[in-house]
Amino acid sequence: SQNRLLIKNGKIVNANGITDNDVFIEDGIIKQLGRNLIIPGGTRIIDARGNFVIPGGIDPHTHLELKLMGATSVDDFYQGTKAAIAGGTTMIMDFVIPDKGESLLETYQVWREKADEKVCCDYGLHVAVTWWSEETTRKEMEILCKEHGINSFKMFMAYKGALMVTDPELYNIFEVCKDVGALAMVHAENGDIIVENTKRLLANGVTGPEGHELSRPEEVEAEAVNRAAVIASQVSCPLYVVHVMSESAGNQVSRIRQLKQEGESKLIGETLACALGTTWACCTGKPWSFQAAHILSPPLRPKESTPTHLMHLLQEDGLSLVGSDNCTFTLDQKKELGTDFSKIPNGVNGVEDRMSVVWEKGVETGIIDVTRFVEITSTNAAKIFNIYPQKGCLAVGSDADIVIWNPRKTRVISAKTHHQANDFNIFEGMECHGVPEYVIVNGRVCVDEGELKAVQGFGKFVPTPTHSPYLYGSGEQDGEAELNGVPQPVEVTVDDVREKVKNM
Ligand code: URP
Ligand code: ZN
Ligand code: ZN
Ligand code: ZN
């Protein structure tokens with residue numbers, strides 16, 4: 001029967017360990033986990049001997065059919081989620097991005113309408129807050145959290161004039177995030193400096209793609225990480241730095257993360273498959289279109305040690321997870337708009353190849369083990385966005401989002417064979433160990449012995465509840481002493497005041 005499945009003889013990998021168990025799935029849910037299970041007749045049996053059985057990947061960062069810098073990214077919610085599944089990812093999280101002045105709520109609805117009918121796998125949403133209004137922003141954020149399953153808001157510290165918010169705006173938005181139990185996310189780059197550097201480069205005749213990284217070097221990223229963390233700590237808001245692309249920014253996240261005491265608001269760093277899989281150095285001497293295809297922000301770095309360094313930070317828990325930031329434009333789109341480097345639409349592929357790249361650069365090199373692989377590609381995203389253990393693990397009661405991963409097989413990444421809508425792959429030619437032979441999406445076999453059978457509209461929107469225990473601790477502290485609902489006078493010490501300010 002289509003709705004019952006038994007996965008036998010595999011190595012079951014969760015973030016906390018590996019077990020030899022069989023998995024019985026019924027109606028999209030893991031119903032039993034163990035040996036010698038008693039199962040109903042007519043159940044399809046898949047033999048996973050010699051393979052790892054892992055939680056489906058969760059890509060915390062995609063931009064499907066996003067209008068950015070004058071172009072619309074070509075992977076839509078159908079093609080993007082189909083490509084995700086092909087690579088072993090069974091849930092994505094996309095960003096609702098309103099223009100300045102646009103309602104967050106209305107733009108959220110636009111995203112739901114774009115996505116709901118098209119997604120082949122489950123998806124969640126973050127909402128970008130690109131402007132601040134005393135009258136409406138707090139209210140809209142509250143409604144999104146209470147009624148629409150949003151628990152994370154992204155703010156841009158770059159894209160000046162378009163999406164960027166100022167420090168006081170960040171402060172206010174972070175404060176709302178803290179008040180509603182949401183997570184603040186930042187695109188950490190100093191947008192003011194980028195504008196000035198860009199003017200100077202263009203005035204000096206540097207107009208090609210090589211100007212992009214020069215206009216926003218590592219320290220411009222690292223400075224913004226530090227500034228965002230300082231602002232977040234003023235209002236005790238947990239902070240998630242998206243797309244950490246450089247050694248400097250990665251070190252900054254890791255350093256601040258270590259400084260945090262128990263009970264202080266958390267700092268989380270996400271890096272990207274592209275930063276682990278390639279560098280700007282690969283563009284040296286290459287044609288304009290090849291270079292333009294590698295442009296995203298923050299940029300790939302020229303330093304060839306970057307991928308290994310970032311992987312080590314992932315291993316040490318200085319960084320917590322890997323996204324793709326999949327935001328694909330065709331070479332024609334890049335060419336048409338990219339009259340100078342500052343106008344080349346920003347974005348690269350990754351939703352399909354993220355799992356393979358992390359495996360190849362992390363597990364295959366021996367830097368991380370299989371459990372950490374699961375943690376940084378799936379479990380941590382589920383915990384941070386508060387959908388654990390529904391997602392992110394293989395446990396009785398969890399959604400049957402499962403990948404049977406064959407570590408002995410290899411594949412070579414290529415735009416000729418990928419399932420994405422664009423005509424370039426930044427990992428072109430990379431040989432990867434680890435092939436998803438079966439990908440099970442909510443109990444349905446969507447990659448079957450390597451054959452892709454994704455179904456348009458099969459995925460659902462997954463609401464993400466606020467107050468993730470992973471970010472906010474399990475119990476919420478209450479600042480005031482109350483007796484039968486009446487606030488009581490208490491003797492106040494300096495420490496009390498400090499504590500109160502911390503919890504404000
Ligand atoms: O270059 C990028 N990263 N494009 C997508 C938008 C963003 O800033 O994440
Ligand atoms: Zn960004
Ligand atoms: Zn490359
Ligand atoms: Zn992004």
Side-chain angles (χ1 to χ4, degrees), residues 59-75 80 84 92-99 107 111 123-130 152-165 170 173 183-191 194 198 209 211-213 215-216 220-221 224-225 228 239-246 249 253 268-278 280 283 291-301 321-330 333-334 337-338 341-351 354 381 420 422 424 426:
D59 187 340
H61 191 152
T62 69
H63 302 284
L64 304 178
E65 47 189 302
L66 171 70
K67 199 159 174 256
L68 183 76
M69 302 176 74
T72 302
S73 61
V74 287
D75 279 313
I92 59 147
M93 299 190 72
D94 203 83
F95 290 83
V96 174
I97 308 188
D99 285 335
T107 313
W111 248 257
Y123 79 104
L125 291 170
H126 318 287
V127 174
V129 183
T130 54
S152 47
F153 296 94
K154 177 182 179 183
M155 279 62 71
F156 291 87
M157 300 169 80
Y159 299 104
K160 189 176 178 181
L163 304 169
M164 185 172 117
V165 288
L170 279 179
I173 299 162
L183 174 61
M185 307 171 89
V186 284
H187 175 130
E189 286 188 294
N190 186 317
I194 292 164
T198 300
H212 181 67
E213 204 277 338
S215 73
R216 49 217 304 155
V220 171
E221 185 186 2
V225 169
L239 181 67
Y240 178 115
V241 182
V242 303
H243 50 44
V244 172
M245 293 293 288
S246 63
V253 170
I268 311 271
E270 166 205 274
T271 189
L272 300 182
C274 61
L276 299 168
T278 187
W280 184 252
C283 290
Q291 297 193 1
H294 281 76
I295 284 193
L296 80 157
S297 295
L300 289 166
R301 301 300 174 181
L321 71 172
V322 183
S324 70
D325 201 359
N326 192 90
C327 187
T328 47
F329 299 103
T330 62
Q333 286 175 308
K334 294 241 180 192
L337 288 151
F341 67 81
S342 70
K343 300 194 178 69
I344 299 169
N346 285 191
V348 300
N349 62 286
V351 74
R354 182 183 66 110
Q420 311 214 206
N422 66 326
F424 192 90
I426 55 160

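Both ligands and their constituent atoms are indexed starting at 1 by order of listing. Values below: every heavy atom of this structure, side chains too, minus hydrogens, waters and symmetry copies.
To the nearest 0.5 Å, atoms CD (Gln291) and CD (Glu213) are separated by 12.0 Å. Expressed to the nearest 0.5 Å, how far OG of Ser73 lies from CG of Leu66 amounts to 5.0 Å.
Close approach of ligand 1 to Asp325 is summarised as follows: ligand atoms under 4.0 Å from at least one heavy atom of the residue are 2 (C), 3 (N), 5 (C), 9 (O). Counting atoms of ligand 1 from 1 in the listed order, those under 4.0 Å from a heavy atom of Phe156 are 8 (O). Near Lys154, meaning under 4.0 Å from one of its heavy atoms, ligand 1 places the atoms 7 (C), 8 (O), 9 (O). Per-residue contacts place His61 under 4.0 angstrom from the following atoms of ligand 1 (heavy atoms of the residue considered): 9 (O).
At the shortest separation from atom 4 (N) of ligand 1 among protein heavy atoms lies Asn346 O, 3.2 Å. Of the protein's non-hydrogen atoms, the one nearest atom 1 (O) of ligand 1 is Ser297 N, 2.8 Å. At the shortest separation from atom 8 (O) of ligand 1 among protein heavy atoms lies His187 ND1, 3.0 Å. Given atom 6 (C) of ligand 1, the protein heavy atom at minimum distance is His63 NE2, 3.6 Å.
Atoms NE2 of His61 and OD1 of Asp325, as seen from the Zn ion (ligand 4), are separated by an angle of 90°, to the nearest 10°.
The Zn ion (ligand 2) is closest to atom NE2 of His243 (considering only N, O or S atoms). Within His187, the N, O or S atom lying nearest to the Zn ion (ligand 2) carries the name ND1. Looking only at N/O/S atoms, His63 comes nearest to the Zn ion (ligand 4) through NE2.
The shortest distance between side-chain heavy atoms of Ile92 and Leu64 falls below 4.5 Å.
By the criterion of a heavy-atom distance under 4.0 Å, both the backbone and the side chain of Leu296 are placed next to ligand 1.
Residue Glu189 places every heavy atom at 4.0 Å or more from ligand 1.
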Candidate pair Met245 and Leu296, rule side chain to side chain contact (heavy atoms under 4.5 Å, CB included), full reasoning: CA-CA 10 Å; Met245 293 293 288; Leu296 80 157; 3.9 Å; yes

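Here the two rings, on Phe95 and His63, have centers that are under 6.0 Å apart.
Among the atoms of Lys154, an N, O or S atom falls under 2.8 Å of the Zn ion (ligand 2).
Side-chain contact of Asn346 with Ser297: a donor-acceptor pair under 3.5 Å is present, judged by distance alone. In this model, no donor atom of one side chain and acceptor atom of the other lie less than 3.5 Å apart for Asn422 and Thr330. For the residue pair Asp94/Thr62, the side-chain donor-acceptor check at 3.5 Å is satisfied.
With salt bridges taken as basic N to acidic carboxylate O contacts below 4.0 Å, none links Arg216 and Glu221.
Taking the six-membered ring where tryptophan is involved, the planes of Phe156 and His187 are tilted, since the angle between them lies from 30° to 60°.
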